[in-house]
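Quick caveat: nothing in here was measured; it's all calculated off a predicted structure. Labels below follow one simple rule: chain letters A, B, ... track the order of the sequence lines, proteins then strands, and each chain is numbered from 1.
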Number of protein chains: 2
Amino acid sequence: MEALPRETVVDALEGRLREDILNGRHKKGSYLPPERELSEGYGVTRTTLKHAFERLVQAGLLETRHGVGTRVRDYARLGGADLLPALIRHSPDWLREVFEVRRGIGSLIASRAAAKATVAQVAELRELLAAVREAEGGARAQLADIEVHRGLARATGNRVYVLLTNTLFNAYLPLRGALVAPFSDADAACERLRPVVEAVAAHDERAAHSAADAYLAATERIMLDELGAGR
Amino acid sequence: MEALPRETVVDALEGRLREDILNGRHKKGSYLPPERELSEGYGVTRTTLKHAFERLVQAGLLETRHGVGTRVRDYARLGGADLLPALIRHSPDWLREVFEVRRGIGSLIASRAAAKATVAQVAELRELLAAVREAEGGARAQLADIEVHRGLARATGNRVYVLLTNTLFNAYLPLRGALVAPFSDADAACERLRPVVEAVAAHDERAAHSAADAYLAATERIMLDELGAGR
DNA sequence: GTGGCTCAGTGGCTCAGCCACTAGACATCG
DNA sequence: CGATGTCTAGTGGCTGAGCCACTGAGCCAC
């Protein structure tokens, strides 16, 4: 078991505000009602509202100016990738685009890893791959799979690739449950992934690139089918 | 002139806490002192401290659990790319890695743009490119250059590339001033960039990829030289 | 052992209020 | 009449005191 998150008032309020923003109920560039008014409308204290604001500002959806007001930012134009979880939760259309990017970047990472990986990192990758096979249940296999990708990102020797990988994972982590299909057969998942690890071990950049592309295309297809069927 | 940001108490507190975390003064995995104690230590109200916490939690540096405490997350392992601005501010070593990733992804974006750009987007890219030449002063040219890259990301038809581009720009935006060197000659900057736009216009994916790689490598070199000289 | 109870310590949230800032209306002056 | 300074309503920033809700550890009865 693992500690499951609890929905606090601020969480709920944040979600509500975010929906209202992403839905366009608060148009971008426009000012929100004053805090005193808005907090009364939602039936919470101004302090609580401000906590929710703090998060949305940090996320790049809002912008507050002392003495003036709180404005909705043009997030589609200026926002960063950390908005993705919110955007996907609001509209799963984004998933297709996230997967496409993940494929492009995953291939890039694999090829960089092939160029840079140390022997220790190759050994670690093999261990992480083995863990996928031994995982019990789709959910576990999925997590083990993510660890392999984190390992590949580390093997590039560039920490920014690790952060980027995390960002993309975080993007669809909230929907994780709906995306276990590719991992229900742990053995198959492991075998799909193996060519990538082996190409990296052989320091063959081109092979790593195409193996990763093939792997990501395959899992992507399964996931999207699953989602399509789920509707 | 433009409105310059003001340093509020929460801003200062957030910066201080972030430094203490990134410096390792608060070790990852460890619990921070209780809010009541910490707020007294910093001479602020608990409410104010919580606002700063709210941001750091959102940024992925902290994790709070009701009834237990606030723990420092293993950000290097689990954090997302939105941490980059903070990491770079704390230690510019990250810049080299950010540039490398930007080069990889920039090339990827250029080649996707070549595959996907519509005629309208190509026309827009040419306009944005012209704006680089006409920009007055290095800072303006730099901003115009960023707009071209945003345009390229849009031209991929994949909104996630736009967000990713923004994330990478945001990463070194705080240091923007130190990185104007490549843009001091607006004409030259425009000419360096032109092959990328032309390759995209010609829908030549390979040419776009290598032109972008060459362009990014060139500007990267100039920027890193500048930084190296600045020390 | 096992399960339930209590309690100290922690973060979540509220409330009422004052401070600081901004923009626009207005008065003043040259 | 135009430029300049002043006032003021409305906004977000921040405070301090306080209560509520949750967690974990120690204790107890079974």
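- Pairs of Watson-Crick or G-U wobble type, with distances under 3.5 Å, assemble into runs of 3 or more in DNA chain D at these ranges: C:1-30 with D:1-30.
- One N or O on the side chain of A/Q121 and one on the backbone of A/T118 form a donor-acceptor pair closer than 3.5 Å.
- Judged by distance alone, with hydrogens and angles left aside, the side-chain atoms of A/T167 form a donor-acceptor pair with the main-chain N or O of B/A81 at under 3.5 Å.
- Rounded to the nearest 0.5 Å, atoms CG (B/D145) and OG1 (B/T219) are 7.5 Å apart.
- One cannot find a donor-acceptor pair under 3.5 Å joining the base of D/dC14 and the side-chain atoms of B/T8.
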### Message
I'd like to know whether B/R77 forms a side chain to side chain contact (heavy atoms under 4.5 Å, CB included) with A/R154, so could you lay out the CA-CA distance, the side-chain angles of the two residues, the decisive distance to 0.1 Å, and finally the verdict.
### Response
CA-CA 9 Å; B/R77 186 173 161 69; A/R154 278 197 299 275; 3.0 Å; yes
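- Across the protein-nucleic acid pair, B/R46 atom CZ and C/dC15 atom C1' stand 14 Å apart, rounded to whole Å.
- When the C1' atom of D/dA21 is taken as reference, atom CD of A/E7 falls 16 Å away, rounded to whole Å.
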### Message
I'd like to compare against my own output: the B/S/- annotation of nucleotides 4-10 of chain C with a strict under-4.0 Å heavy-atom distance to protein.
### Response
-----BB
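- A/D11 places its CG atom 17 Å from the P atom of D/dA21, with the value rounded to the nearest Å.
- The interatomic distance linking A/F53 (CZ) with D/dC14 (P) rounds to 15 Å, in whole Å.
- Here B/R150 pairs with B/E147 in a salt bridge; the nearest charged N to carboxylate O distance falls below 4.0 Å.
- A salt bridge links A/R96 to A/E100: at least one charged side-chain nitrogen sits closer than 4.0 Å to a carboxylate oxygen.
- As judged by a 4.0 angstrom heavy-atom cut-off over every strand, B/T45 is placed among the base-contacting residues.
- Between A/Y31 atom OH and C/dT22 atom P the separation is 12 Å, expressed in whole Å.
- Between A/E63 and A/R73, none of the side-chain N atoms (NZ, or NE/NH1/NH2) sits under 4.0 Å from a carboxylate O, so this pair counts as no salt bridge.
- One atom, CG of B/L13, and another, C1' of D/dC14, lie 12 Å apart when rounded to the nearest Å.
- Note: A/F169 and A/H149 have perpendicular aromatic rings, judged against thresholds of 30 and 60 degrees for the angle between ring planes.
- Under the 3.5 Å distance criterion, with hydrogens and angles disregarded, a donor-acceptor pair is assigned to the side chains of A/D11 and A/T8.
- Between A/K50 and D/dG13, a side-chain N or O to OP1/OP2 separation shorter than 4.0 Å is present.
- Among the heavy atoms of the strands lying under 4.0 Å from A/T47 is at least one base atom, whether or not backbone atoms are also near.
- Per the geometry, CG belonging to A/L49 stands 15 Å off C1' belonging to C/dC15, to the nearest Å.
- The separation between A/E63 atom CD and D/dG12 atom P is 13 Å, rounded to whole Å.
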